[in-house]
Amino acid sequence: GDAFGELALLYNAPRAATVKSKTESLLWSLDRETFNHIVKDSASAKRNKYVEFLKGVDVFKNMEEYEVGQVADAVRTATFQPGEKVITEGDYGDIFYLVEEGEAEATKTIEPGKPPKVVKNYSKGDYFGERALIKGEPRAANIIAKVSLIYKIETIKIDFVR
């Protein structure tokens, strides 16, 4: 199940190491053209999937196709378990989240010394985490994965610059 040689194909570079078989082995090989075709098709399909998803999110609806593509290229997938905190109230925030699948809830401390209360629910196409990026303030609420399934929340990592 291991693979090797992909870096030379990706970067059109000389081999970085010599690989020798320790035992009798059965290997599969791909030529550069086939490998690059597969990698490019996969990257293109992933980008198209993200572009279509982003077009359905309110905050991106008025963006140009090129701009949405740029955002799609920055998207990274993160998976959260039910009950897991995605954001903690008061923390520094440098990531904006988009719910691709599943649900999450926002809780906020309303009265000091009392448990946080649910203030908002999120589902597919909703987003959160933008306030910390826009205003440079700490996270305003906790965001917790809610459903009993594993689900993904897409993240766009943006370094905050004051």
Side-chain angles (χ1 to χ4, degrees), residues 3-13 16 30-110 116-162:
F4 54 89
E6 73 281 1
L7 295 178
L9 296 178
L10 279 171
Y11 302 110
N12 198 23
L30 289 174
D31 61 86
R32 175 176 277 117
E33 185 179 332
T34 304
F35 178 80
N36 285 336
H37 182 70
I38 291 168
V39 169
K40 286 175 186 169
D41 281 355
S42 175
S44 178
K46 181 179 173 185
R47 186 177 202 267
N48 290 339
K49 173 189 159 194
Y50 288 150
V51 165
E52 288 308 308
F53 173 75
L54 292 170
K55 285 180 180 178
V57 176
D58 285 342
V59 74
F60 300 113
K61 282 187 177 175
N62 294 323
M63 290 178 99
E64 298 291 326
E65 182 85 21
Y66 174 79
E67 294 168 322
V68 175
Q70 293 293 101
V71 173
D73 291 341
V75 170
R76 300 294 175 262
T77 299
T79 303
F80 297 91
Q81 301 292 329
E84 184 178 355
K85 271 190 181 177
V86 179
I87 288 178
T88 301
E89 184 176 4
D91 281 0
Y92 168 79
D94 65 350
I95 300 176
F96 170 75
Y97 296 85
L98 299 161
V99 180
E100 180 187 27
E101 297 173 17
E103 298 173 2
E105 68 182 9
T107 65
K108 187 166 179 61
T109 303
I110 307 297
K117 293 188 177 192
V118 175
V119 293
K120 186 168 174 125
N121 289 294
Y122 298 96
S123 60
K124 182 177 181 171
D126 290 334
Y127 57 91
F128 53 87
E130 76 284 358
R131 281 186 56 167
L133 296 176
I134 294 167
K135 296 185 175 193
E137 298 172 351
R139 297 293 193 182
N142 300 300
I143 307 294
I144 302 159
K146 192 167 116 174
V147 296
S148 60
L149 301 171
I150 296 174
Y151 68 102
K152 300 174 192 172
I153 294 180
E154 301 296 332
T155 61
I156 299 174
K157 181 159 179 32
I158 302 171
D159 293 326
F160 180 74
V161 180
R162 292 182 188 227

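On a predicted model such as this, the values are computed, not experimentally measured, just so you know. In what follows, every heavy atom counts, from backbone to side chain, and hydrogens, waters and symmetry copies are set aside.
Residues that satisfy the salt bridge (charged side-chain N to carboxylate O under 4.0 Å, His left out) test with E89, not counting sequence neighbours, are K108. Here D126 pairs with nothing under the salt bridge (charged side-chain N to carboxylate O under 4.0 Å, His left out) rule; sequence neighbours left out.
Nearest heavy-atom pair across V57 and G125 is CG1-O, 3.6 Å. In terms of heavy atoms, K146 sits closest to N121 at NZ-OD1, 2.7 Å. Between L133 and G93, the closest heavy-atom pair is CD2-O, 3.8 Å. The two residues A141 and I87 make their nearest non-hydrogen contact at O-CG2, 3.3 Å.
Annotation: the span from K85 atom NZ to T107 atom OG1 amounts to 6.5 Å, rounded to 0.5 Å. Rounding to the nearest 0.5 Å places CG of N36 at 12.0 Å from CD of E6. Summarising the geometry, atom CD1 belonging to I143 is positioned 4.0 Å from atom OH belonging to Y122; distances are rounded to the nearest 0.5 Å. Atom NZ of residue K117 and atom CD of residue E105 lie 14.0 Å apart, to the nearest 0.5 angstrom. Remark: K40 NZ to F35 CZ distance equals 11.0 Å, nearest 0.5 Å. Rounded to the nearest 0.5 Å, atoms CG (L54) and CD (Q70) are 12.0 Å apart.
Y50 is listed as a side-chain neighbour of T77, based on a closest heavy-atom distance under 4.5 Å. Residues R32 and N12 have side chains in contact (heavy-atom distance under 4.5 Å, counting atoms from C-beta outward). Contact of the R139 side chain with the T88 side chain is not registered, since no non-hydrogen atoms from C-beta on lie closer than 4.5 Å. The side-chain heavy atoms of V99 and F128, taken from C-beta on, include a pair separated by under 4.5 Å.
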- Given side-chain contact (heavy atoms from CB on, under 4.5 Å), test V75 with F53 step by step and report yes or no. CA-CA 11 Å; V75 170; F53 173 75; over 6 Å; no
Pairs under 3.5 angstrom only: tabulate donor-acceptor contacts from the side chains of residues 59-69 to other protein residues two or more places apart or in another chain.
unit_1: K61; atom_1: NZ; unit_2: D58; atom_2: OD1; d: 3.3
unit_1: E65; atom_1: OE1; unit_2: K55; atom_2: NZ; d: 3.2
unit_1: E67; atom_1: OE1; unit_2: E64; atom_2: N; d: 2.9

